[in-house]
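In this chain, numbering begins with 1 at the start of the sequence shown. Note: hydrogens, waters and symmetry copies are ignored here, and every other heavy atom, side chains too, is used.
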Amino acid sequence: MQAVTERTDWAGADGPRFLARPVHRLWLVSQALSLFAFFQTASFNPAGGFFTLADNGVPNPPRPGHVGVERQLHETTRMVHCFAIGHLLGLSGVERNIDHGMRFLWERHRDPKHGGYFWGVDDKHATNAIKQAYGHAFVILAASSAKVVGHPDADRLLADAMEVLLSRFWDKAAGATTEEYSADWQPLGDYRGQNSNMHLTEALMAAFEATGERRYLDMAESIAALIINRHAREQGWRVAEHFDASWRVDRDYAGDPMFRPRGTTPGHALEWSRLLVQLWTLGGRANAWMLDAAKHLFLKTVDIGWDKKVGGFYYTLGWDDRPDRADRFWWPCAEGIGASAFLGAVDGDPAFETWYRKIWGFVNNHVIDHRYGGWFPELDSNLAPVNRVFTGKPDLYHSLQACIIPLLPPEGSITRGLIGHGAASLLAG
């Protein structure tokens, strides 16, 4: 079935910002609550950790060779983070989910012999014993969010994850993280990636907010300087994804389509745009280049990454800016929402409000599953749901943050915003 051609160059420009309108703010809260309703109970795995969910909200079955379902590190950690947000919002019962995830991280993902955290585990053993910087970044995020809500094991987890980061992953000379190791910490190649460093920037900011330790903010700033102020600026505000050990851009690299696709990924440029506003604010607005870069990244990406015919962001582009993987994933839209909201709050350019409305309109019309709940992870070029890279509804993290981030001042993370301003401010603005 062919997609209906819609006007994607217009989203209304009348009146005050949507975020100044009480009904829109109420709608955002309602969307967040519907996501918790979809995930909170159904994802809880009595054997530990969390299930991923099928399209209709039931747990996905185990894969052949696994004892029970596999739990991947980024999934467990993101759920802890999201349910910490739920606690700050005042949702009843999410403390069980936080504690459940924290216990599983320490008792099952953590490697008691060599240290660090396994990428994948099932009910009995490690299904993938690789130690990845990407996953460890999310351990830091989960621990930081758990600390904000007062979980008794948060300090232990954060201290352990930080020790692993500093002793195993962090490259002080580069000011960024290395990538992946075997279970006993043998390096697995010379690859360096922006994706793990981007999420580590997010996690380090959260750790700074949770602990007050300035060194974590300094580390986040050094990553941003390398990935964005140096490389993205050199590439005309395209975010290079793949590098060699000397941090030279590798334009020919093509890896796992979920985490290391070839070319450029518009969603990551949008994500960086939001993170840079947050980093700029946390640093006392001292680094003016961050806000300038955030605006350049956003405006460049919506120009080259948005399908001007039917809408949505292409998953990846070639270095010629043409679509490479033309399917539309949910998370670039989520990141575009957060970035446009933050930029619209600190800059008067009406383009940010226009894009905020436009992206949310696309999400509501095409990405939100109004029958079963949750968001479709992938749409094809005709905007029909497909499962090529993802299965079912794999994620609460991106979609939830898209609902909550716009409701808070651009002064830091969601958890800091909810602590500082209170959940009541979500409706009042």
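- Inter-residue side-chain proximity for I85 and H81 is flagged as met; some heavy-atom pair is nearer than 4.5 Å.
- Counted within 6.0 Å of CZ on R251, heavy atoms from surrounding residues, nucleotides or ligands total more than 12; the atom is thus considered enclosed.
- F390 has its ring centre no less than 6.0 Å from the ring centre of W331.
- No side-chain heavy atom of K295 sits less than 4.5 Å from a side-chain heavy atom of F298.
- Using a 4.0 Å cut-off between charged nitrogen and carboxylate oxygen, E411 and R416 do not count as a salt-bridge pair.
- Using modelled atom types, no side-chain atom of H242 and backbone atom of G193 make a donor-acceptor pair closer than 3.5 Å.
- Of all heavy-atom pairs spanning A84 and V149, the tightest one is O-CG1, 3.7 Å.
- Rounding to the nearest 0.5 Å places CZ of F342 at 13.0 Å from CD1 of I337.
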Please walk me through it: do I227 and W247 pass side chain to side chain contact (heavy atoms under 4.5 Å, CB included)? CA-CA 9 Å; I227 301 296; W247 286 98; 3.7 Å; yes
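- Defined by atom type and a distance below 3.5 Å, a donor-acceptor pair is present between the side-chain atoms of N364 and H370.
- H231 places no side-chain N or O within donor-acceptor distance of the main-chain N or O of R248, the cut-off being under 3.5 Å.
- For CZ of R260, the number of neighbouring non-hydrogen atoms (other residues, nucleotides, ligands) closer than 6.0 Å is greater than 12.
- For the atom pair Y134 OH and L200 CG, the distance stands at 12.5 Å (nearest 0.5 Å).
- Judged by distance alone, with hydrogens and angles left aside, the side-chain atoms of T316 form a donor-acceptor pair with the main-chain N or O of R325 at under 3.5 Å.
- Y356 does not carry R17 over the face of its six-membered ring by the limits of under 6.0 Å from the centre and within 45° of the normal.
- Contact check on R103 versus D99 returns a salt bridge, with a Lys/Arg side-chain nitrogen under 4.0 Å from an Asp/Glu carboxylate oxygen.
- Salt-bridge check for K393 with D369: passed, with a basic side-chain N closer than 4.0 Å to an acidic carboxylate O.
- Summarising the geometry, atom CZ belonging to R108 is positioned 12.5 Å from atom CG belonging to L73; distances are rounded to the nearest 0.5 Å.
- Looking at S273, its side chain never comes within 3.5 Å of a backbone N or O of A269 through a donor-acceptor pair.
- Paired with P266 under the rule side-chain contact (heavy atoms from CB on, under 4.5 Å), one option of T301, V302, D321 passes, and it is T301.
- No hydrogens or angles considered: a donor-acceptor pair under 3.5 Å links the side chains of W330 and D395.
- Between Q401 and Y397, some side-chain heavy-atom pair lies under the 4.5 Å cut-off.
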Step by step, work out the side chain to side chain contact (heavy atoms under 4.5 Å, CB included) result for M162 and L204. CA-CA 10 Å; M162 279 298 186; L204 287 166; 3.9 Å; yes
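- In the model, D122 has no side-chain atom that pairs as donor or acceptor with a side-chain atom of T127 under 3.5 Å.
- Under the 4.0 Å criterion applied to side-chain N and carboxylate O atoms, D250 and R262 are not assigned as salt-bridge partners.
- When side chains are defined from C-beta on, T264 does not count as touching I304, because their heavy atoms never get closer than 4.5 Å.
- At least one donor-acceptor pair under 3.5 Å links the side chain of R25 to the backbone N or O of L426.
- Each of F50, W119, Y117 was compared with H74 under the ring-ring contact (aromatic ring centres under 6.0 Å, His included) criterion, and only W119 meets it.
- Formation of a donor-acceptor pair under 3.5 Å by the K131 side chain with backbone atoms of F169 is not found in this model.
- Nearest approach of G101 to T76, heavy atoms of both residues: O-CG2, 4.0 Å.
- If you take CD1 on I404 and CD1 on I414, they are separated by 6.5 Å, rounding to the nearest 0.5 Å.
- Side-chain N/O atoms of E179 and S196 include a donor and acceptor closer than 3.5 Å.
- In this structure, W237 and H296 have parallel ring planes: the angle between them is below the 30° cut-off, well short of the 60° mark.
- Between the OG1 atom in T177 and the NE2 atom in H199 there is a gap of 13.5 Å [rounded to 0.5 Å].
- Looking at N365, its side chain does come within 3.5 Å of a backbone N or O of G361 through a donor-acceptor pair.
- For the residue pair A210 and S144, the shortest heavy atom distance occurs at CB-O, 3.8 Å.
- Side-chain atoms of H151 do not come within 3.5 Å of backbone N or O of K147 as any donor-acceptor pair.
- Without hydrogens or angle criteria, Y191 side chain to Y253 main chain gives no donor-acceptor distance under 3.5 Å.
- Taking every heavy atom of both residues into account, F83 and S43 meet most closely at CZ-OG, 4.3 Å.
- If you take NE2 on H87 and OG1 on T415, they are separated by 11.5 Å, rounding to the nearest 0.5 Å.
- Looking at R21, its side chain does come within 3.5 Å of a backbone N or O of P16 through a donor-acceptor pair.
- Inter-residue side-chain proximity for E209 and V148 is flagged as unmet; no heavy-atom pair is nearer than 4.5 Å.
- Side-chain contact check for T77 versus F104: every heavy-atom pair is 4.5 Å or farther apart.
- Contact of the D184 side chain with the K113 side chain is not registered, since no non-hydrogen atoms from C-beta on lie closer than 4.5 Å.
- Between A207 and I140, the shortest heavy-atom contact is CB-CG2, 4.1 Å.
- Remark: R192 does not engage D171 in a salt bridge, criterion side-chain N to carboxylate O under 4.0 Å.
- Heavy atoms only, all atoms of each residue included: A326 and Y314 are closest at O-CD2, 3.7 Å.
- Annotation: side chain of R110 is not in contact with side chain of V139 (no heavy-atom distance under 4.5 Å).
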